[in-house]
Amino acid sequence: MATILVTGGTGTLGRQVVDRLRTDGHTVRVLSRSSQPYAVDLRDDDSRALDEALRGVDVVVHCATSARGGDDRAAAHLVESAVRASIPHLVYISVVGGDRLPLGYYRTKRIVERMIEDSGLGWTILRTTHFHDLVLKMLEGATKLPVATVLPARVSLQPIGSAEVASRLADLATRPPAGRVPDLGGPEVRTLEDLAEAYLRATGHRRRLLAMPLFGKAYAGYRRGEQLAPERAVGRETFEDFLATRKM
């Protein structure tokens, strides 16, 4: 069995990857800002602690991300340490549309992809559509207005269950490096209005839905569906299935 380090191993995705790998009998190290004994903030240049965490590791699954930014800096530190340690396999979770949508989050994901591709390490990159968890958080924010829920018009998403992504990542981590593997998309392409209606039904909230047109290159890309992978609709958990498991 392999020794596998999971960055962001206490997050929504990372902890499920950890659980799956441990269930399969692998030795798993959890790296995050607060998890001992591998408490490392990848955005900091703490090469000694990072090198120690990677010592003797066969595979790294890079799930760490931060809403405060700095994912490219974090990845640079990780890749540098992985090269020093001659890590045989680095697995990275990315996003569908990373090479097409002109938004900072997507651009950063593509920058990190290039770092890994150019590292000289064995690597595997999996792109997925948005998680159900992210769609829920967005809709929770949109429904805070007292009367109406305002959403971008003519935008669709293809949400996928994080557990399904975790299962795929864990499987990839136990296989040889595969480069860029086929994208992983949720089972349905749904308009934002449709997803919002499902959320309102599940929560019992009454809100008027207002679809407002926006402007700019990013919005145009969303309207074109650059964030979607309809040909890779292989996920099984629908948004309604996900909501049914939550305490709304």
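Computed from a predicted model, the values in this text were never measured in an experiment.
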From CD1 (Ile125) to CG (Asp183), nearest 0.5 Å:
11.0 Å
Give the minimum heavy-atom separation between Ala39 and Ser34, together with the two atoms involved.
CB-C, 4.0 Å
Between CD1 of Ile93 and CG of Leu169, what distance do you get to the nearest 0.5 Å?
4.5 Å
Side chains of Phe131 and Leu136: closer than 4.5 Å at any heavy-atom pair?
no
Can you get from Val112 to Leu103 by hopping between Ile, Leu, Val, Met, Phe, Trp and Tyr side chains that sit under 4.5 Å apart?
no
The single option from Arg110, Arg180, Glu113, Arg127 passing side chain to side chain donor-acceptor pair (under 3.5 Å) against Ser94
Glu113
Leu54 versus Val60, closest heavy-atom pair with distance:
CD2-CG2, 3.5 Å
Locate the shortest heavy-atom distance separating Ala142 from Val150; write the atom from each residue and the value.
CB-O, 4.2 Å
Close side-chain approach of Asp133 to Leu13, heavy-atom, < 4.5 Å:
no
Contact between Val234 and Leu184 at the side-chain level, heavy atoms closer than 4.5 Å - yes or no?
yes
Measuring from atom CG of Leu126 to atom CZ of Arg168, what distance do you get when rounded to the nearest 0.5 angstrom?
6.5 Å
Measure the shortest side-chain to side-chain distance between Ser119 and Leu90 over non-hydrogen atoms and say whether it is less than 4.5 angstrom.
no
Determine, for Arg201 against Glu240, whether the closest basic-nitrogen to carboxylate-oxygen distance falls under 4.0 angstrom.
yes
About how many Å separate CG of Asp194 and OG of Ser156, when rounded to the nearest 0.5 Å?
9.0 Å
Testing the basics here: between Arg29 and Ala53, what is the closest heavy-atom pair and its distance to 0.1 Å?
NH1-O, 2.7 Å
Check ion pair Glu117-Arg114 (N to O, under 4.0 angstrom)
no
Close side-chain approach of His130 and Met138, heavy atoms under 4.5 Å:
no
According to a 4.5 Å side-chain heavy-atom criterion applied to Ile, Leu, Val, Met, Phe, Trp and Tyr, with indirect links allowed, do Val59 and Leu172 form part of one hydrophobic cluster?
yes
Would Glu52 and Arg55 pass as an ion pair if we require N to O under 4.0 Å?
yes
Mind checking whether Leu121 and Leu42 sit in one hydrophobic cluster, side chains of I, L, V, M, F, W, Y counted as touching below 4.5 Å?
yes
Under 3.5 Å, side chain of Glu164 to main-chain N/O of Glu237, donor-acceptor pair present?
yes
Step-by-step side chain to side chain contact (heavy atoms under 4.5 Å, CB included) determination, His89 to Thr124
CA-CA 8 Å; His89 190 188; Thr124 301; 2.7 Å; yes
Is a donor from one side chain sitting under 3.5 angstrom from an acceptor on the other, for Thr65 and Asp71?
yes
Residue pair Gln158 / Pro230, side-chain heavy-atom distance below 4.5 Å:
yes
I'd like to know if Val18 and Tyr38 are part of one continuous hydrophobic network [Ile/Leu/Val/Met/Phe/Trp/Tyr, side-chain heavy atoms within less than 4.5 Å].
no
Are the side chain of Ser35 and the backbone N or O of Val30 linked by a donor-acceptor pair below 3.5 Å?
yes
A side-chain contact here means heavy atoms from C-beta on lying under 4.5 Å apart; do Tyr106 and Arg100 qualify?
no
Do Val91 and Trp123 touch side chain to side chain, with heavy atoms closer than 4.5 Å?
no
Begin with the C-alpha distance, continue with both residues' side-chain angles, and end with the deciding distance and a verdict on side chain to side chain contact (heavy atoms under 4.5 Å, CB included) for Leu157 and Thr129.
CA-CA 8 Å; Leu157 297 177; Thr129 53; over 6 Å; no
For Ser167 and Arg20, which heavy atoms make the closest approach, and how far apart are they?
OG-NH1, 2.5 Å
Atom of Tyr222, atom of Leu101 and distance for their closest heavy-atom approach
N-CD2, 3.7 Å
Salt-bridge test for Arg22 and Asp19: reply yes if a basic N is under 4.0 Å from a carboxylate O, no otherwise.
no
Fit a plane to each ring of His132 and Phe239, take the angle between them on a 0 to 90° scale, and name the class: parallel (under 30°), tilted (30 to 60°) or perpendicular (over 60°).
tilted
